[in-house]
Amino acid sequence: MIENDRKKFETKTKNGMKRGLQNRHVQIIAIAGTIGTGLFLGAGRSISLTGPSIILIYMLTGMFMYLMMRAIGEMLYYDPDQHTFINFITKYLGTGWGYFSGWSYWISLIFIGMAEITAVAQYVQYWFPDWPAWLIQLVFLALLSLVNLIAVRVFGEVEFWFAMIKIVAIMALIATAIFMMLTGFETPHGVASLGNISQDFQLFPNGFMNFIMAFQMVFFAYQAIEFIGITTSETENPRAVLPKAIKEIPLRIILFYGGSLLAIMAIIPWKELATADSPFVIVFKLAGLKWAAALINFVVLTSAASALNSTLYSTGRHLYQIAHDTPNRFLKKIGAGKLSRQNVPQNAILTSAAVIAFAAFIKILPGVSDSFALITASSSGVYIAIYGLTMLAHLKYRKSPEFMADGYLMPAYKFLNPLTMLFFAFVFVTLFLQESTVVGAIGSAVWIVAFGLYSQLKFPIKKTK
């Protein structure tokens, strides 16, 4: 592993970006990367859907997301200079699918950014209801764009503290639940106890279909977990950082998702959780924290800001890569393939931020708001398709001459890789079974077929070996 030792001391990747992230940045970002805003706000809804068996769904889904990360991790370990897994789709499945995945992933991330900036405005208006939403959105976007433009180290530091806030909130919830159970704390719902979880337990308390429906809800709570891999290429020693960050994913899932859900259901019987209020707010209020709602609002605000910060980081680097892989006149004109003096893709980040900024004006345009909701929902299904292509690329990598036998290998890949793809297909099918997601599922299917065919026709022969 002489090459590995040499890479330890390199300060830049082959594409010119500076390795400015430290190990502590990536490890904390990786921990918080598995925690979505939905856990703080939507845990009550998911629990009410299928009761304590929701934990099983979180664990199963988390297992498959971990397996996907092992596949991505194996390829990134082989070539740590690649800051995006999309490059492997281009390399092993051809330029056509790489083109499809690159633009589809960038667009999907843009809509995630639009959704997050909309959420940021709502959370800020909790304290300042008279402030215009569009102004809040533009100010936050400008600040986080600046964070991304200064240096990757500054991005890492800001994201580190955003992540810490989420982690502390969850650990506080679990500690509160343990204290309540040990002291026999009595709430209006009864005594806090693990018995609240096992009482009247059924695997499908609200029917088998509700159990199945919960999978797609939980799946999207894990969406963007692949961001862990994207950040490692800009660390000083990616081959040392990457395996550690990925290996700890299962423990984080068990602790943060399993621990949070168990804590909530131990304090509040799961049958009483069909509420629009955040279970985190309810638990802290029961513990005597009168300003619990304001506290959790602050946590979800930082969580949404963190997601937006990460989106700007990812979209900038993906657009930069697209500009290099499949250059066109527009990308060349705006300089999307150039780096700034700080070795960050400045123009690509600013272009992404400018597109995300349209979210600030969508609500005031008649008829556009509904279309935005449709496109956002459609992007979720496209995300699944990209995950599936990533797993196919991994299978191709394993059979290629570049395969690194002493690398960070995905275990039992011949069985677990196809099984992971089957799970992704299952989640995609569930989108067609629910009224709230079926329109988005149809939209994503149309995009995958139409843009997929266009991409193949645009690049019919050219493939990278």
Side-chain angles (χ1 to χ4, degrees), residues 33-39 42-43 45-47 49-50 53-72 85 89 97 100-101 104-105 107-109 111-112 115 203-204 206-229 249-250 253 257-258 261 373-395 410 415-449 451-452:
T34 56
I35 308 168
T37 307
L39 176 63
R45 183 168 172 260
S46 59
I47 291 170
L49 201 62
T50 189
S53 60
I54 192 68
I55 295 175
L56 174 63
I57 296 172
Y58 267 99
M59 296 302 108
L60 280 172
T61 306
M63 179 189 74
F64 284 110
M65 298 305 281
Y66 167 68
L67 290 174
M68 181 189 72
M69 285 308 303
R70 285 300 300 261
I72 291 175
F85 62 94
I89 295 176
W97 284 120
F100 167 84
S101 301
S104 296
Y105 191 68
I107 291 168
S108 295
L109 286 173
F111 282 111
I112 288 175
L203 190 59
F204 313 123
N206 296 319
F208 179 70
M209 284 308 294
N210 273 331
F211 180 81
I212 295 298
M213 289 300 106
F215 274 95
Q216 54 96 1
M217 186 187 300
V218 171
F219 179 86
F220 293 115
Y222 287 110
Q223 191 169 300
I225 194 174
E226 72 281 355
F227 180 66
I228 299 168
I249 289 176
I253 289 170
Y257 281 104
L261 295 170
L374 168 62
I375 296 170
T376 304
S378 300
S379 68
S380 298
V382 175
Y383 229 100
I384 298 175
I386 296 167
Y387 284 166
L389 288 170
T390 303
M391 301 307 293
L392 280 173
H394 174 256
L395 285 178
M410 178 186 182
F415 172 71
L416 293 177
N417 184 306
L419 187 65
T420 303
M421 284 192 282
L422 279 174
F423 176 75
F424 291 157
F426 158 73
V427 175
F428 189 80
V429 169
T430 63
L431 295 175
F432 291 88
L433 304 178
Q434 195 168 350
E435 189 178 346
S436 60
T437 57
V438 66
V439 177
I442 293 170
S444 62
V446 170
W447 173 267
I448 292 166
V449 173
F451 191 55

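Basis for what follows: all heavy atoms, side chains included, without hydrogens, waters or symmetry-related copies.
- Proximity of Met68 to Ile225: side-chain heavy atoms (C-beta onward) are separated by under 4.5 Å at one or more points.
- Judged by distance alone, the side chain of Ser104 and the main-chain N or O of Ser101 form no donor-acceptor pair under 3.5 Å.
- Defined by atom type and a distance below 3.5 Å, a donor-acceptor pair is missing between the side-chain atoms of Tyr387 and Gln223.
- The shortest distance between side-chain heavy atoms of Thr390 and Glu226 does not fall below 4.5 Å.
- Summarising the geometry, atom CE belonging to Met69 is positioned 12.5 Å from atom OG1 belonging to Thr420; distances are rounded to the nearest 0.5 Å.
- The shortest distance between side-chain heavy atoms of Thr430 and Phe219 does not fall below 4.5 Å.
- For the residue pair Met410 and Ala71, the shortest heavy atom distance occurs at SD-CB, 3.9 Å.
- Annotation for Gly452 and Trp97: closest pair CA-CZ3, 4.1 Å, computed over non-hydrogen atoms.
- Across every non-hydrogen atom of Gly258 and Met59, the tightest pair is N-CE, 3.8 Å.
- Taking every heavy atom of both residues into account, Ala214 and Ile57 meet most closely at CB-CD1, 3.5 Å.
- When side chains are defined from C-beta on, Ile107 counts as touching Phe111, because their heavy atoms get closer than 4.5 Å.
- Distance alone, capped at 3.5 Å, places no donor-acceptor pair between the Asn210 side chain and the Thr50 backbone.
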> side chain to side chain contact (heavy atoms under 4.5 Å, CB included) between Phe424 and Tyr383: does it pass, once the steps are laid out?
Replying inline: CA-CA 10 Å; Phe424 291 157; Tyr383 229 100; over 6 Å; no

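- Listed by chain and number, the residues in a ring pair (Phe, Tyr, Trp, His ring centres under 6.0 Å) with Phe64 are Phe423 (sequence neighbours excluded).
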> For Leu416 and Arg70, what are the C-alpha separation, side-chain angles and deciding distance, and is it a side chain to side chain contact (heavy atoms under 4.5 Å, CB included)?
Replying inline: CA-CA 10 Å; Leu416 293 177; Arg70 285 300 300 261; over 6 Å; no

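- Considering only residues two or more places apart in sequence or on other chains, Phe432 meets the ring pair (Phe, Tyr, Trp, His ring centres under 6.0 Å) condition with Phe428.
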>> Test side chain to side chain contact (heavy atoms under 4.5 Å, CB included) on Phe220 and Ile384; report intermediate values, then the result.
In response: CA-CA 10 Å; Phe220 293 115; Ile384 298 175; 4.0 Å; yes

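- One distance of note links OH of Tyr105 with CD1 of Ile89; it measures 10.0 Å at 0.5 Å rounding.
- Considering CD of Gln434 and CE of Met209, their distance stands at 8.5 Å, rounded to 0.5 Å.
- Proximity of a side-chain donor or acceptor of Asn417 to a complementary backbone N or O of Met391 within less than 3.5 Å is detected.
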>> side chain to side chain contact (heavy atoms under 4.5 Å, CB included) for Val218 and Leu60? Distances and angles first, verdict last.
In response: CA-CA 10 Å; Val218 171; Leu60 280 172; over 6 Å; no

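- Residue Thr61 holds its OG1 atom at 5.5 Å from CZ of Phe215, rounded to the nearest 0.5 Å.
- Here Ile54 contributes atom CD1 and Leu49 contributes atom CG; the two are 6.5 Å apart, rounded to the nearest 0.5 Å.
- Closest heavy-atom contact between Met217 and Ser46: SD-CB, 3.6 Å.
- Listed here is the closest heavy atom pair of Tyr58 and Tyr222: O-OH, 2.8 Å.
- Atom CD1 of Ile72 and atom CG of Leu67 lie 11.5 Å apart (nearest 0.5 Å).
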